Amino acid sequence: MTNNLQFPITLKLVLSSLASLLVITLFFITKTEFSPSSFQQSVDKTIQISNSSTGTKVHSLESMSCGKIPPSLSDALIHYAASNTTPQQTLSEISVTKKVLDKTSPCNFLVFGLGHDSLMWASLNHRGRTIFLDEDEAWILKIAEKFTSLESYHVRYDTKVREAAAMLSAARDSEECRPGVSMDLKASKCELALVGLPEVVYEMEWDLIMVDAPTGFHEEAPGRMSAIYTAGMIARSRKKGETTAVFVHDVDRTVEDEFSMEFLCREYMTEQQGRLRHFTVPSHRKFNISGGRFCP
């Protein structure tokens with residue numbers, strides 16, 4: 001970042017800092033009896049770590065070492081500090097997912113979409129596994145060159161936003177799309193099921209799923225119909241965990257609004273901030289939920 005401050009202003013700041021330091025020093029002197037012996041005691045207390053029956057454990061200043069920040073976190077700090085591009089989500093929207101990550105991470109986090117906020121999500125899930133699925137192969141390669149720590153995969157979608165209404169109607173009437181008929185997504189006959197995803201998606205137990213892709217802002221775009229349905233089925237088919245936190249962004253649009261309520265359920269919605277909805281979807285396997293219905 002270029003420093004455009006003029007010299008007088010810089011000098012003023014320096015003098016102000018020195019004045020503040022002087023005030024603090026004077027305050028410290030007046031509140032303590034400053035002598036060589038008291039200073040020595042202060043140092044002793046600083047480096048004395050513990051007392052026990054076996055003696056006192058003392059570390060010299062030379063033996064103290066600083067912990068290194070992980071590369072993924074340093075990459076994130078540098079990227080966002082130097083970038084003029086902001087994440088797609090607002091602060092209030094990001095905070096919804098962050099609250100869950102604060103309680104759950106390190107965990108398994110599946111994200112539909114690779115964007116300007118991807119480095120942030122991976123960093124917030126430090127030591128966990130975060131993978132990103134995106135429809136733009138060229139974009140994936142570009143991001144991979146810049147941020148080698150991110151794990152991302154290319155996904156092909158055969159749907160169009162203009163087909164959303166017909167697909168929703170067909171899924172409502174199809175036995176193949178209902179939970180309980182087949183919990184194996186790869187073998188699903190439902191038109192909405194994504195059966196060609198990387199193997200890791202089907203093998204992992206996902207604690208969080210974010211649906212912020214594919215593109216869905218025009219009629220010829222792939223839309224998020226299949227991503228939302230698939231996220232719901234992944235959550236319901238969990239074998240170990242009880243629930244999965246599923247987040248859907250851009251719910252101000254028709255597809256995201258209708259499909260999230262249909263397959264993630266209004267009854268499971270935990271919170272909505274802005275254009276982001278948070279659902280807590282229970283595992284049908286864990287709770288032995290049957291009946292072929294998505295919602296209670």
Side-chain angles (χ1 to χ4, degrees), residues 85-90 93-94 96-97 108-122 130-147 150-171 177 185-186 188 190-202 204 206 208-235 244-264 274-279 281:
T85 305
T86 57
Q88 290 92 325
Q89 298 184 24
T90 65
E93 292 168 350
I94 291 170
V96 174
T97 308
N108 296 325
F109 188 8
L110 174 64
V111 183
F112 286 85
L114 180 67
H116 299 294
D117 52 7
S118 297
L119 196 60
M120 174 188 69
W121 295 130
T130 307
I131 74 168
F132 303 90
L133 308 177
D134 201 87
E135 79 265 29
D136 190 337
E137 194 166 13
W139 174 250
I140 291 174
L141 293 174
K142 181 178 179 180
I143 294 297
E145 290 178 359
K146 190 173 183 180
F147 304 114
L150 295 183
E151 183 179 0
S152 55
Y153 299 90
H154 180 231
V155 176
R156 288 184 173 85
Y157 295 91
D158 300 322
T159 55
K160 303 289 184 185
V161 169
R162 57 180 166 78
E163 304 167 342
M167 294 182 74
L168 181 57
S169 178
C177 293
L185 261 177
K186 290 194 299 181
S188 176
C190 180
E191 186 181 15
L192 286 171
L194 293 172
V195 298
L197 297 176
E199 283 297 316
V200 63
V201 176
Y202 307 112
M204 296 288 291
W206 299 104
L208 283 80
I209 304 175
M210 172 76 72
V211 180
D212 205 0
T215 307
F217 62 87
H218 59 89
E219 290 291 290
E220 296 303 312
R224 300 176 186 173
M225 300 82 71
S226 292
I228 293 172
Y229 171 85
T230 299
M233 292 300 291
I234 289 174
T244 303
V246 183
F247 306 88
V248 180
H249 194 224
D250 297 316
V251 295
D252 56 322
R253 301 193 301 219
T254 301
V255 168
E256 286 80 356
D257 175 35
E258 294 184 353
F259 276 74
S260 66
M261 288 303 190
E262 184 74 25
F263 299 115
L264 300 176
R275 298 174 296 146
L276 184 87
R277 283 180 188 157
H278 168 206
F279 298 85
V281 183

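Treat the numbers as computed from the prediction; the structure is a model and nothing was measured. All heavy atoms count here, side chains included; hydrogens, waters and symmetry mates do not.
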Taking all non-hydrogen atoms of both residues into account, name the closest pair between [X] and [Y] and its distance.
X    : Y    : result
A171 : C177 : O-CB, 3.7 Å
G223 : V161 : CA-CG2, 3.6 Å
V281 : G232 : CG1-O, 4.5 Å
V246 : A231 : CG1-CB, 4.1 Å
G115 : Q88  : CA-NE2, 3.6 Å

Interatomic distance, [X] atom [atom1] to [Y] atom [atom2] [nearest 0.5 angstrom]:
X    : Y    : atom1 : atom2 : answer
N108 : L208 : CG    : CG    : 9.5 Å
E137 : R156 : CD    : CZ    : 6.0 Å
S226 : L194 : OG    : CG    : 4.5 Å
L197 : F112 : CG    : CZ    : 6.0 Å
I209 : F109 : CD1   : CZ    : 9.5 Å
L133 : H154 : CG    : NE2   : 10.5 Å

[X]: side-chain hydrogen bond (donor to acceptor under 3.5 Å, both in side chains) partners, not counting sequence neighbours:
X    : value
Y202 : none
S260 : R277
E219 : none
T130 : N125

Trace of the side chain to side chain contact (heavy atoms under 4.5 Å, CB included) decision for T244 with I234: CA-CA 9 Å; T244 303; I234 289 174; over 6 Å; no
Partner set under salt bridge (charged side-chain N to carboxylate O under 4.0 Å, His left out) for [X], not counting sequence neighbours:
X    : answer
K186 : E199
E93  : R275
E191 : none
E145 : none

Within 6.0 angstrom of D158 CG, more than 12 heavy atoms from elsewhere: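 Incorrect, the count does not exceed 12.
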Listed partners of F247 passing ring-ring contact (aromatic ring centres under 6.0 Å, His included), at least two apart: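 Result, ring-ring contact (aromatic ring centres under 6.0 Å, His included) vs F247: H278.
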With sequence neighbours excluded, residues passing ring-ring contact (aromatic ring centres under 6.0 Å, His included) with F263: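 Partners of F263 by the ring-ring contact (aromatic ring centres under 6.0 Å, His included) criterion, ordered by chain and then number, come out as Y229, F259, F294.
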Do [X] and [Y] have side chains that get closer than 4.5 Å, going by heavy atoms?
X    : Y    : result
W121 : M210 : yes
Q89  : V96  : no
M225 : V255 : yes
I131 : L110 : yes

Pairing of R253 and E256 as salt bridge, 4.0 angstrom limit: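 Result for this pair is yes, salt bridge flagged.
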Donor-acceptor pair, [X] side chain versus [Y] backbone, under 3.5 Å?
X    : Y    : result
W206 : V201 : yes
R224 : D212 : yes
T230 : A193 : no

Non-neighbouring partners of E262 that pass side-chain contact (heavy atoms from CB on, under 4.5 Å), sequence neighbours left out: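 For E262 the side-chain contact (heavy atoms from CB on, under 4.5 Å) partners, ignoring immediate neighbours, are L168, R172.
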Partner residues of S118 under the side-chain contact (heavy atoms from CB on, under 4.5 Å) criterion, sequence neighbours left out: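 For S118 the side-chain contact (heavy atoms from CB on, under 4.5 Å) partners, ignoring immediate neighbours, are L114, F132, L150.
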